[in-house]
Amino acid sequence: MSLTFLLLISLGALAILAISIFTDQKELKVIFTCIFIISNVFLFSSLLNLILSASEKYSFFKSLFYCLIILTGSIAVVFILVLNYTDDHDFYKNGINKADAGVILGAAVWGGNRPSPVLQERINKGYEIYSKGIVQKLVITGGGSPNEKTEAEVSKEVLIKYGVDPVNLISENTSNSTIEQIHFVRDIYKARKWNGIILISDNFHLMRSSEISAFNNINADCISSDKPLSTEGTLNFCLKESLALIVFWMSGL
């Protein structure tokens, strides 16, 4: 009975994987990927249960307990890594080290085509490293909703008001996710034969952004914006980023 049950789980996990590969909807890909991950952790837990069981009898509830322990422990470890991520600000403090470009990752635009506080702080940090001569170019990313300016357009307007030469701004106006933004950066990075860039975002977002960049063969340092967050906000965002990072490691999404 236990072997039949485990075989069914294995076949189900493979079916879910196939669906996640062939579906074109990103939301469904993420959902099916999460189910695939949980199924495989449960399968591993079931095998562990059989190995550790003195009576060699399968226990569903014990396997479920092991599964929850493994999932909770994994998320906790990643959460701690995201929460304690250290950016590369100190590396550029001396004014000697440079990068080819700074990349301001997009964030929400508020009503009236205003940057949200999160986006505003990313813009400010991008302008800061530009004005100090750490980078000569700024890449601004992010799409938008219908009937409003895109995140990149709003960022561009603010930077021009600050005095940045439009010639030194490279815009991407269609992306809806961090991965799409970094894919655009990857193409620019290769076309211009850059050696290194600086990603600019909130600290909780930088670890995943750095991992995506490394996966796409981009040499990227990271500098955090100065946006303060409440304790509740920090924990909430770090948890979301931890889950998103695990999904990326497992599926590239």
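Scope of the values below: all heavy atoms of this structure, side chains included, with no hydrogens, waters or symmetry mates. Bear in mind that the values here come from a model prediction, so they are computed numbers and not experimental data.
- Cluster annotation: L83 is not connected to V118 through the hydrophobic network of ILVMFWY side chains, with a link wherever side-chain heavy atoms come within less than 4.5 Å.
- Under the 3.5 Å distance criterion, the side-chain polar atoms of K156 are left unmatched by any main-chain donor or acceptor of S171.
- In this structure, L169 is not a member of the same hydrophobic cluster as I188, with clusters built from ILVMFWY side-chain heavy atoms closer than 4.5 Å.
- A donor-acceptor pair under 3.5 Å is absent between the side-chain atoms of T150 and the main chain of G143, judged by distance alone.
- Rounding to the nearest 0.5 angstrom, the gap separating the CD atom in E128 from the OG atom in S225 is 11.0 Å.
- Looking at heavy atoms from C-beta onward, I69 lies in side-chain contact with F65 at the 4.5 angstrom threshold.
- When all heavy atoms of V139 and F184 are compared, the closest pair comes out as CG1-CE2, 3.9 Å.
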Go through it in stages, so that I can follow the logic: the residues are N203 and Y85, the test is side chain to side chain donor-acceptor pair (under 3.5 Å), and I'd like the CA-CA distance, side-chain angles, deciding distance and then a yes or no. CA-CA 7 Å; N203 198 70; Y85 183 80; over 6 Å; no
*Please report the C-alpha distance between R114 and V158 in whole Å, then the side-chain angles of each, then the deciding distance to 0.1 Å, and finally whether the side-chain contact (heavy atoms from CB on, under 4.5 Å) criterion is met.*
CA-CA 9 Å; R114 297 176 294 118; V158 174; over 6 Å; no
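- Proximity of a side-chain donor or acceptor of N173 to a complementary backbone N or O of A152 within less than 3.5 Å is not detected.
- More than 12 heavy atoms of other residues, nucleotides or ligands shown are found within 6.0 angstrom of CH2 on W249.
- Other residues, nucleotides and ligands contribute over 12 non-hydrogen atoms within 6.0 Å of the NZ atom of K98.
- Residues L245 and V82 form a side-chain contact, since some pair of their non-hydrogen atoms from C-beta on lies under 4.5 Å apart.
- L206 is connected to V78 through a chain of hydrophobic side-chain contacts under 4.5 Å among Ile, Leu, Val, Met, Phe, Trp and Tyr, so both are in one cluster.
- Defined by atom type and a distance below 3.5 Å, a donor-acceptor pair is present between the side-chain atoms of T178 and H205.
- Side chain of S175 to backbone of E180: no donor-acceptor contact under 3.5 angstrom is found.
- D100 places no side-chain N or O within 3.5 Å of a backbone atom of I197 that could act as its donor or acceptor partner.
- Annotation for S242 and C238: closest pair OG-O, 2.7 Å, computed over non-hydrogen atoms.
- Contact detail for I123 and P115: the closest heavy-atom pair is CD1-CB, 4.2 Å.
- Residues L138 and L199 are members of separate hydrophobic clusters, defined by side-chain heavy-atom contacts under 4.5 angstrom among Ile, Leu, Val, Met, Phe, Trp and Tyr.
- A salt bridge does not link K161 to E157: none of the charged nitrogens lies less than 4.0 Å from a carboxylate oxygen.
- In terms of heavy-atom proximity, S209 sits nearest to L105 at OG-CD1, 3.4 Å.
- Placement of M207 and I198 in two distinct hydrophobic clusters is found when ILVMFWY residues are connected by side-chain heavy-atom separations under 4.5 Å, directly or transitively.
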Between H183 and N216, is a side-chain contact (heavy atoms from CB on, under 4.5 Å) present by the stated rule, with each step listed?
-> CA-CA 8 Å; H183 283 175; N216 285 278; 3.6 Å; yes
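- For an aromatic pair to be called close, the ring centres must be under 6.0 Å apart, and F248 with F215 satisfies this.
- Here the closest heavy-atom approach between residue N94 and residue F91 is recorded as OD1-O, 3.8 Å.
- The residue from L71, I75, V77 that alone fulfils the side chain to side chain contact (heavy atoms under 4.5 Å, CB included) condition with I246 is I75.
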Checklist entry - After noting the C-alpha distance and the side-chain angles of N219 and Y189, does the key distance pass the side chain to side chain donor-acceptor pair (under 3.5 Å) rule? => result CA-CA 9 Å; N219 178 27; Y189 184 92; 4.8 Å; no
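- Residues L119 and S116 are in side-chain contact: their nearest non-hydrogen atoms beyond the backbone lie under 4.5 Å apart.
- The only option from D226, D202, D87 that meets the salt bridge (Lys or Arg N to Asp or Glu O under 4.0 Å) definition with K125 turns out to be D226.
- Residue L159 forms a side chain to side chain contact (heavy atoms under 4.5 Å, CB included) with just one option from V164, V154, N124, D165, and that option is V164.
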Checklist entry - How far apart are the C-alpha atoms of E172 and T174, what are their side-chain angles, what is the distance that settles it, and do they pass the side chain to side chain donor-acceptor pair (under 3.5 Å) test? => result CA-CA 6 Å; E172 178 280 312; T174 60; 3.2 Å; yes
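- Taking the side chain as every heavy atom from C-beta outward, I200 and I129 approach each other to under 4.5 Å.
- At least one side-chain heavy atom of E151 sits less than 4.5 Å from a side-chain heavy atom of Q181.
- Between F204 and F237, the angle of the ring planes stays under 30°, which puts this pair in the parallel group of the 30/60° scheme.
- Within the 3.5 Å criterion, the main-chain N or O of L64 finds no donor-acceptor partner in the side chain of S45.
- A donor-acceptor pair under 3.5 Å links the side-chain atoms of R122 to the main chain of G106, judged by distance alone.
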